[in-house]
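To start, the structure itself, in structure tokens.
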Protein chains: 2
Amino acid sequence: MTTGTLVPVFAALGDETRWSILAALGEGDASASALAGRLPVSRQAIAKHLAVLQEVGLVEPIRVGREVQYRVIGSQLSDTARRLEAIGAEWDRRLATIKEIAEGL
Amino acid sequence: MTTGTLVPVFAALGDETRWSILAALGEGDASASALAGRLPVSRQAIAKHLAVLQEVGLVEPIRVGREVQYRVIGSQLSDTARRLEAIGAEWDRRLATIKEIAEGL
DNA sequence: CCAGACTGCAACCCTTAGGTTGCATTCGTC
DNA sequence: GACGAATGCAACCTAAGGGTTGCAGTCTGG
């Protein structure tokens, strides 16, 4: 079972505030300050969340003038989904095998 | 964006020890006590993790004699993967749209 | 029926994670 | 070149999460 760098991604996705940030970024790229205007948390809190998201490759920073805007990397979500799907399928397959054995096939 | 009950699942999947438990359960159903024999944590710690995993539907308890064995629900993993995939695709689509607009198509 | 094993509950410890405020710094824009 | 807006850094607070130990309860299996 290669979980590899997968767990930190899930940890990053396991926070409501970060999903709010991702959702807000879905409306278009935005800086930490801009996001702070739309979400009920401070700019610094958002900066920390963005750091976490960037760490696991869910978001990328883009300098625009004196701002640092962030963009969601959708492919990382898709990639993570595929890896999770593979694991889920693996478990289904394994359980099916166990079931067959139990039923004496 | 309907994240619904998705976030707690990711939170549950964002812990290495819980993946160890899931991996161990992949070898076959097992009780908290049995798992404690294979993993470097106490039975009670494992019991807590199992409670979390059960809470989000990743695992189900099965009484066998005086034991309570746990089984991985692979379909929940697959289901979560599909929902994540859908979100990732949505983002890709949206970014593509933004890109087209930016390029003046 | 009784001993032993397994589960369940509770209290407690410690670290981390999410959040805040405040200040320093950088870097465009005018 | 200076002002202002934005970022970055640091200290701090609090709650929650992962872990432990200990004990009570329950229930099977011989």
Side-chain angles (χ1 to χ4, degrees), chain A residues 3 5-25 27-72 80, chain B residues 1 3 5-25 27-73 80:
Chain A
T3 49
T5 173
L6 204 52
V7 178
V9 178
F10 288 128
L13 292 177
D15 182 272
E16 294 283 0
T17 302
R18 278 192 287 266
W19 276 99
S20 303
I21 292 175
L22 289 174
L25 287 180
E27 308 294 322
D29 301 351
S31 66
S33 298
L35 290 171
R38 283 196 263 169
L39 300 177
V41 284
S42 69
R43 192 204 92 229
Q44 290 81 348
I46 290 179
K48 286 187 187 178
H49 284 303
L50 286 171
V52 172
L53 291 171
Q54 181 182 347
E55 183 74 20
V56 299
L58 282 170
V59 118
E60 65 179 349
I62 303 172
R63 282 215 80 100
V64 176
R66 67 182 149 194
E67 301 189 354
V68 177
Q69 297 193 340
Y70 287 83
R71 169 171 302 175
V72 176
T80 301
Chain B
M1 184 83 29
T3 49
T5 173
L6 204 52
V7 178
V9 178
F10 288 127
L13 292 177
D15 182 271
E16 295 282 0
T17 302
R18 278 193 285 267
W19 276 100
S20 303
I21 291 175
L22 289 175
L25 287 180
E27 308 294 323
D29 301 351
S31 66
S33 297
L35 290 171
R38 283 196 264 168
L39 300 177
V41 284
S42 70
R43 191 204 94 228
Q44 289 81 347
I46 291 178
K48 286 188 188 178
H49 285 303
L50 286 171
V52 172
L53 291 171
Q54 181 181 346
E55 184 73 20
V56 299
L58 282 170
V59 118
E60 65 178 350
I62 303 171
R63 282 215 79 100
V64 177
R66 68 182 149 195
E67 301 190 354
V68 177
Q69 297 193 341
Y70 287 84
R71 169 171 302 174
V72 176
I73 304 178
T80 301

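A, B, ... follow the sequence lines: proteins, then strands. Residue 1 opens every chain.
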Checklist line | Comparing B:Q69 and A:P40 on DNA chain C - which has the more 5′ nearest nucleotide | finding: B:Q69

Taking every non-hydrogen atom, the tightest pair across [X] and [Y]:
X     : Y     : answer
B:I46 : B:L35 : CD1-C, 3.5 Å
B:V7  : A:G14 : CG1-C, 3.7 Å
B:V68 : B:P61 : CG1-CB, 3.8 Å

Notebook entry, point to check: So which of residues 52-68 of chain B are in contact with DNA chain D, with a heavy-atom cut-off of under 4.0 Å?
Noted result: B:G65, B:R66

Side-chain donor or acceptor of [X] under 3.5 Å from a matching atom on the base of [N]?
X     : N      : result
A:Q44 : C:dG22 : yes
A:R43 : D:dG8  : yes
B:K48 : D:dG17 : no

Check: Knowing that exactly one of A:L58, A:V59, A:L53 qualifies, which makes a side-chain contact (heavy atoms from CB on, under 4.5 Å) with A:L25?
Finding: A:V59

Would you say [N] has OP1 or OP2 under 4.0 Å from some side-chain N or O of [X]?
X     : N      : answer
B:S31 : C:dT7  : yes
A:H49 : C:dA17 : no
B:S42 : D:dT20 : yes

Next item on the list: Any salt bridge (Lys or Arg N to Asp or Glu O under 4.0 Å) involving residues 51-63 of chain A? Give me the pairs, sequence neighbours left out, ordered by first then second residue.
Entry: none

Note to self: Tell me the bend of the helix from C:dC1-D:dG30 to C:dC30-D:dG1 as the angle between end helix axes, each from five pairs, rounded to the nearest 10 degrees.
What the structure shows: 40°

Next item on the list: Mind calculating the distance between CG (A:L35) and C1' (D:dA5) to the nearest angstrom?
Entry: 16 Å

Check: Contact class for A:A47 vs. all strands (heavy atom < 4.0 Å): base, sugar-phosphate, or nothing?
Finding: nothing

Item checked: Proximity to the side chain of B:S33 - top-ranked nucleotide from C:dC6, D:dG19, C:dC9 -> C:dC6

